[in-house]
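Below, read A as the first sequence line, B as the second, and so on, with proteins coming before strands; counting in each chain starts at 1. Heavy atoms only: backbone and side chains are in, while hydrogens, waters and symmetry mates are out.
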There are 2 protein chains.
Amino acid sequence: MQPGDDPRARRGPGGVTLRDVAERAGVSLATASRVLNGSSRVVGPDLAARVGRAAAELRYAANGPAQALARATTNVAGLVVHEVDDPYFASIAAGAMRVATEHGLLTMMASTSRDAGREVEYVHRFQAQRVRAVLLAGSGRVGDGEELGRALADFADGGGRVALVSEHDLPFDTVLPANRRGAAAVARLLRDLGHREVGVLAGPGELRTVADRLAGFLDAWEQLGGDRSEPVVVEADFSRAGGHAATLSLLARAPQVTAVFALNDLMAVGALSALQADLGRRVPDDVSVVGFDDLWFTGDLQPALTTVRLPLEEMGARAMELVLSPAPADPRRVPVPAELLVRGSTGPARRPGT
Amino acid sequence: MQPGDDPRARRGPGGVTLRDVAERAGVSLATASRVLNGSSRVVGPDLAARVGRAAAELRYAANGPAQALARATTNVAGLVVHEVDDPYFASIAAGAMRVATEHGLLTMMASTSRDAGREVEYVHRFQAQRVRAVLLAGSGRVGDGEELGRALADFADGGGRVALVSEHDLPFDTVLPANRRGAAAVARLLRDLGHREVGVLAGPGELRTVADRLAGFLDAWEQLGGDRSEPVVVEADFSRAGGHAATLSLLARAPQVTAVFALNDLMAVGALSALQADLGRRVPDDVSVVGFDDLWFTGDLQPALTTVRLPLEEMGARAMELVLSPAPADPRRVPVPAELLVRGSTGPARRPGT
DNA sequence: ATGGTGATGGTAAGCGCTTTCCAGCCGCGC
DNA sequence: GCGCGGCTGGAAAGCGCTTACCATCACCAT
């Protein structure tokens, strides 16, 4: 190949185009397109070979946006999470991306920093990018924003597919973890261990996940009867730092609690730290601690954290599968079970007066 | 607005187009384009208002691929990591995405499952998508693949920007953590604590990160002189499971070691677990453990992990900044310091015979 | 022989947007 | 009073690709 006849030499904007390949192979654009990018039409083996060779020689790389424009669809899925570096979302994202990849899709990811407004904004941007599907992995908000609903409906109207992870009050396919039942199981565990005075570390009340877990726990606690007192609920950030702070204020307000239920594992880690390092309490001898989610490292904490396991990776995968399957007439809801994992951070209630 | 004159009614392929907006506003396509999507050209205030109103009424959403085609560039950056749910990469990704967002870019993310071949594949796919920039966050491999180099060079030739995180043997802007110096600091610490027999838990030797940290440690250990014996190096997966397994085999092979240096925190977590839970050793009384990276939860382990801190979020951010700044004549290398964090998992060497 | 039937290749009309020209118009200075 | 430069708006030529639709041609049945 002479330097002169390399179309890449005149690399103006983009590089080698399909036309260059077609010319070099001595075929029409249509033929080149048919062989290089899957088509239902068959091309004769000799021409096909010529085109293939030409493409390789020129190092042709198809222009995605151009294909997207012509085909009116792309091969990318959009994923919206709260924070990429929150292990909860990281696991969900891993599952979702795995499935996307299996289907030949690329994944566009956006993190909202837990800001509802940016959720809407990203849905719009993804729509503009003409992604095939959008996955909202964050928890919904109580009475989810009009705006989010409109944005998603718009996107769906245009043929886009939508799926949600966690309850959202929105009419789209949803992967639904058993937040209430999981929390209820925690209530039963603590009751069985003889705890009477317990505290709950809650995230922002507007999050559906928080509301559901809290309600599940409180309802069960009440229905279990007996002479237990009402749980003290402290609200803070749904993070390690939030859990740390909330634990300090909980123990100040209600020093008599013998068990702390953190509504997610991140808060539980903060609680463990506050209890053991700051407050000098032994876990579980003085205070039991329970988390929720079963992030991957919870078994490595000391003591190992009793928590409610959610199959996060699988949840992400299921959601992506939903979104890649044909649109159903009515929104589907895929329940995901939660499993109580009893480990070292819980024990019998400290006997009063000891 | 009558139902009949809503162009969305004839929603064939895509929805509302710029032409619909232009018609409704009674202006030309050019004008509509100028007001809706930033242009250097000024449009009269009245027309601009008309267009804006029309766009809002029709809920116009620009077609990204079409814009990309016409402009010959996109607003997306590509990010390749080994695993999204590995906290090391999650933190880097968070930093990178933050900066991308600040610059109005969307992020496309791909995870290779530590498979070098898929790294190349993703670079190609990103190139096809005409992303503005590609960030490779995984560690390089010793004598990095020809193929990767070609793919990246191709992309860069076409005007794309490339940046790497960690050493890669490739001529592109790189954010360079002080792996060798950090590891050397660990050697000094262990020497100072009186350790003579130490083990190293290494990841796959072909990873540059592993090679650098290992060399840094070994060189320093040797140069420190004295009567210390040569470290026993065990290679395994660069993960928690790998660390666990490697620790078991290390202690079987060299029961006399009084300190274990894991080349990353994930392996250190596995080591802690193997040592304490499986082998019944006390840390740091029987064996000291050191990690590398300072993942966010290492302070919450029991004992808190002594490790080398790397500012992961910032590294991701820096890399994205590099890639969004104009291409330099020669590849830049941005050094990032590593800081030894001495915490509870290290202590004086057990006295021989006690 | 001859019209019919598939296969295969080519032609050309877009996909929705940006951007270069070009035309019209204003106000200005000489 | 008239030509000229500065502005604003529109027409139209693409950006690189897909995909009807059409033209051939070989081959078969009649």
## Note on the structure
Comparing nearest nucleotides in DNA chain D, the 5'-proximal residue of the pair B:Leu47, B:Ala66 is B:Leu47
Give a yes/no on whether any side-chain N or O of [X] is located under 4.0 angstrom from OP1 or OP2 of [N].
X: B:Ser28; N: D:dG10; result: yes
X: B:Arg71; N: C:dT18; result: yes
X: A:Gln67; N: D:dT18; result: yes
X: A:Thr31; N: C:dG9; result: no

Spacing of [X] atom [atom1] relative to [N] atom [atom2], expressed in whole Å:
X: B:Glu23; N: C:dG16; atom1: CD; atom2: C1'; value: 13 Å
X: A:Leu36; N: D:dT19; atom1: CG; atom2: C1'; value: 16 Å
X: A:Leu29; N: C:dA13; atom1: CG; atom2: P; value: 14 Å
X: A:Asn63; N: C:dC15; atom1: CG; atom2: C1'; value: 13 Å
X: A:Leu18; N: D:dT19; atom1: CG; atom2: P; value: 13 Å
X: A:Arg34; N: C:dA7; atom1: CZ; atom2: P; value: 14 Å
X: A:Asn37; N: D:dC17; atom1: CG; atom2: P; value: 8 Å
X: B:Arg19; N: C:dT18; atom1: CZ; atom2: P; value: 14 Å

### Query
Can you check whether B:Glu313's main-chain N or O pairs, donor with acceptor, with B:Ser91's side chain at less than 3.5 Å?
no
### Query
Quick check: does any side chain N or O of B:Thr174 sit under 3.5 Å from a backbone N or O of B:Glu167, one acting as donor and the other as acceptor?
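No; judged by distance alone, with no hydrogens or angles, the pair does not exist.
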Given [options], identify the nucleotide with an atom nearest to the side chain of [X].
X: B:Tyr60; options: D:dG10, D:dT19, C:dC17; result: C:dC17
X: A:Thr17; options: C:dC17, D:dC17, C:dG9; result: D:dC17
X: B:Leu69; options: C:dT8, D:dT8, D:dG16; result: D:dG16
X: B:Ala70; options: D:dA20, D:dG9, C:dG16; result: C:dG16

### Query
Does a side-chain N-to-carboxylate-O contact under 4.0 Å join A:Arg98 and A:Glu102?
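The answer is yes: the pair qualifies as a salt bridge.
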### Query
Reckon A:Ala62 touches a base, only the sugar-phosphate, or nothing at all at heavy-atom distances under 4.0 Å?
sugar-phosphate
### Message
Measuring only between side-chain heavy atoms, which start at C-beta, is B:Tyr122 closer than 4.5 Å to B:Leu79?
### Response
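Answer no - side chains too far apart.
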### Task
Among A:Val175, A:Ile92, A:Leu135, find the one that has a side-chain contact (heavy atoms from CB on, under 4.5 Å) with A:Met320.
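With A:Met320 as partner, A:Val175, A:Ile92, A:Leu135 yield a single side-chain contact (heavy atoms from CB on, under 4.5 Å), made by A:Leu135.
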